[in-house]
Amino acid sequence: MPELPEVEFYRKLSERVLDRPIKGVDAPDAWYLKRGATARSLRAGLRGRAFVAARRIGKLLLLDGSDGTPTLGLHFGMSGRLIVDGVAGVDDLMYASNKDLGAWDRFRVRFSDGGDLRMRDPRRLGGVELDPDEERLGPDALMVSAGELARILGVSNAPVKARLMDQARLAGVGNLIADEVLWRAGVDPRRPASAFDSAEVKRLHRHLRKTIADFLDRGGSHTGDLLPHRVRGGVCPKDGVSLERAQVGGRTTYWCPTHQR
DNA sequence: ATTGTGGCCTGCCCGC
DNA sequence: TGCGGGCAGGCCACAA
């Protein structure tokens with residue numbers, strides 16, 4: 001998916017729909033409705049109401065309604081995009097097609113003024129739910145404190161990268177952000193999460209915050225300094241040595257064997 | 001409980 | 001030009 005920065009752009013875009021009466025809901029793909037949501041329950045919950053707030057926790061976008069209205073939860077998988085009144089939240093999404101094709105519209109909320117909010121997701125890896133359990137997510141990666149990060153890494157023997165990407169502990173870090181943060185911080189992604197002293201946790205925390213801030217400034221998770229070299233045969237732009245490539249935490253991982261320790 | 005694995009679903013890109 | 005394999009920014013169910 002979109003990682004945290006993209007979902008933040010979606011959140012901002014979705015503010016356009018606040019306070020607009022909802023006329024209807026199109027949910028043509030039952031697979032796309034999660035945790036018991038149905039086209040019927042979505043219509044019953046939303047029609048005639050309005051959203052009043054757009055929140056984000058990690059990669060989950062939350063649209064709150066006025067009193068008595070269920071909260072709509074949107075998650076975007078790896079290829080989902082948000083389109084409001086025909087305007088897309090991001091221009092480009094790696095690994096997703098940018099073709100304009102109605103067949104990929106999996107979900108739509110229509111407003112009585114004629115506009116709409118759509119989720120376009122070629123791979124159908126995203127989804128829609130009502131009243132999502134927000135407790136299933138850890139603190140947002142943009143807001144997390146160094147102390148919390150220390151606790152998140154904890155005593156775990158799991159690779160630090162897996163821990164950073166565990167949404168139940170820390171919400172918002174995906175594969176690209178994880179690789180970029182660890183590369184900037186000079187940390188081997190395979191290191192056990194417990195093997196960090198407080199100075200190292202602080203350094204990791206600083207790079208986590210700075211990386212996400214940079215990605216928000218630059219326009220997305222694909223703007224990393226490591227990213228262009230994150231290919232087979234790629235070379236570390238700091239050290240000029242070949243990057244390592246392996247599965248870590250179940251995801252393809254690139255790192256520099258020279259400066260990531 | 002924690003951690004790793006496989007699978008989901010579809011499109012794209014590369015090499016033959 | 002056509003085709004098969006590999007790959008993909010995420011997440012969930014399941015097993016050890």
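Being a predicted model, the structure only gives us computed values, none of them experimental. Side-chain atoms are counted along with the backbone in the values below, which use heavy atoms only and exclude waters and symmetry mates.
Nucleic acid contact class of A/P192 (heavy atoms, under 4.0 Å, all strands): none. If you check every strand for non-hydrogen atoms under 4.0 Å, A/G174 touches sugar and phosphate atoms only. Contact annotation for A/N157: backbone-only contact, meaning every heavy-atom pair under 4.0 Å involves sugar-phosphate atoms and none involves a base.
Between A/H207 and A/W183, a ring centre-to-centre spacing not shorter than 6.0 Å is recorded.
In this entry C/dG9 has no Watson-Crick or G-U wobble partner, no candidate having both defining distances under 3.5 Å. Here B/dC9 sits opposite no nucleotide as a Watson-Crick or G-U wobble pair (both hydrogen-bonding atom distances under 3.5 Å).
Here the P atom of nucleotide C/dG10 and the CZ atom of A/R136 are 15 Å apart, to the nearest Å. Atoms CG (A/L226) and P (C/dG9) sit 13 Å apart, rounded to a whole Å. For the pair A/Q247 CD and B/dG6 P, the interatomic distance rounds to 10 Å; values are reported in whole Å. Following rounding to the nearest Å, A/H222 (NE2) and C/dA8 (P) show an atom-to-atom distance of 18 Å. Rounded to a whole Å, the CZ atom of A/R232 is 10 Å from the P atom of C/dG6. With rounding to whole Å, A/M165 atom CE is found 13 Å from B/dT5 atom P. Here the C1' atom of nucleotide C/dG9 and the CZ atom of A/F76 are 14 Å apart, to the nearest Å. When the C1' atom of C/dC11 is taken as reference, atom CD of A/E129 falls 12 Å away, rounded to whole Å.
Of the candidate nucleotides B/dT3, C/dG9, B/dG11, B/dT3 has the atom lying nearest to any side-chain atom of A/R169. Of the candidate nucleotides B/dG4, C/dG10, B/dC9, B/dC9 has the atom lying nearest to any side-chain atom of A/W31. For A/Q167, whose side chain is taken as the heavy atoms from C-beta onward, the closest listed nucleotide among B/dG11, C/dA8, C/dC11 is C/dC11. Nearest nucleotide to the side chain of A/R124, out of B/dG4, C/dG9, B/dC9: B/dC9.
Both A/G249 and A/L125 lie near DNA chain B, and the one whose nearest nucleotide falls closer to the 5' end is A/G249.
A/S156 has a side-chain polar atom (N or O) that falls below the 4.0 Å cut-off from OP1 or OP2 of B/dT3. Look at A/R123 and you won't find any side-chain N or O under 4.0 angstrom from OP1 or OP2 of B/dC12. For B/dC9, the OP1/OP2 oxygens have no side-chain nitrogen or oxygen of A/S79 closer than 4.0 Å. Taking 4.0 angstrom as the limit, A/K59 places a side-chain polar atom (N or O) nearer than this to OP1 or OP2 of C/dC11. Phosphate proximity of B/dT3 to A/R163: present, with a side-chain N or O under 4.0 Å from OP1 or OP2. The phosphate of B/dG11 has OP1 or OP2 within less than 4.0 Å of a side-chain N or O from A/W104.
With respect to A/R136 and A/E129, a salt bridge is recorded, a charged nitrogen being found less than 4.0 Å from a carboxylate O. Taking a cutoff of 4.0 Å between a charged side-chain nitrogen and a carboxylate oxygen, A/K161 and A/D179 qualify as a salt bridge. Of the charged side-chain nitrogens involved, none lies within less than 4.0 Å of a carboxylate oxygen, so that A/D188 and A/R261 do not count as a salt-bridged pair.
Residue-to-nucleotide contacts include a donor-acceptor pair under 3.5 Å from the side chain of A/E6 to the base of C/dG9.
Residue-environment remark: CD (A/Q247) exceeds the threshold of 12 foreign heavy atoms within 6.0 Å.
A cation-pi contact, defined as under 6.0 Å to the ring centre and within 45° of the axis, links A/R20 to A/F111.
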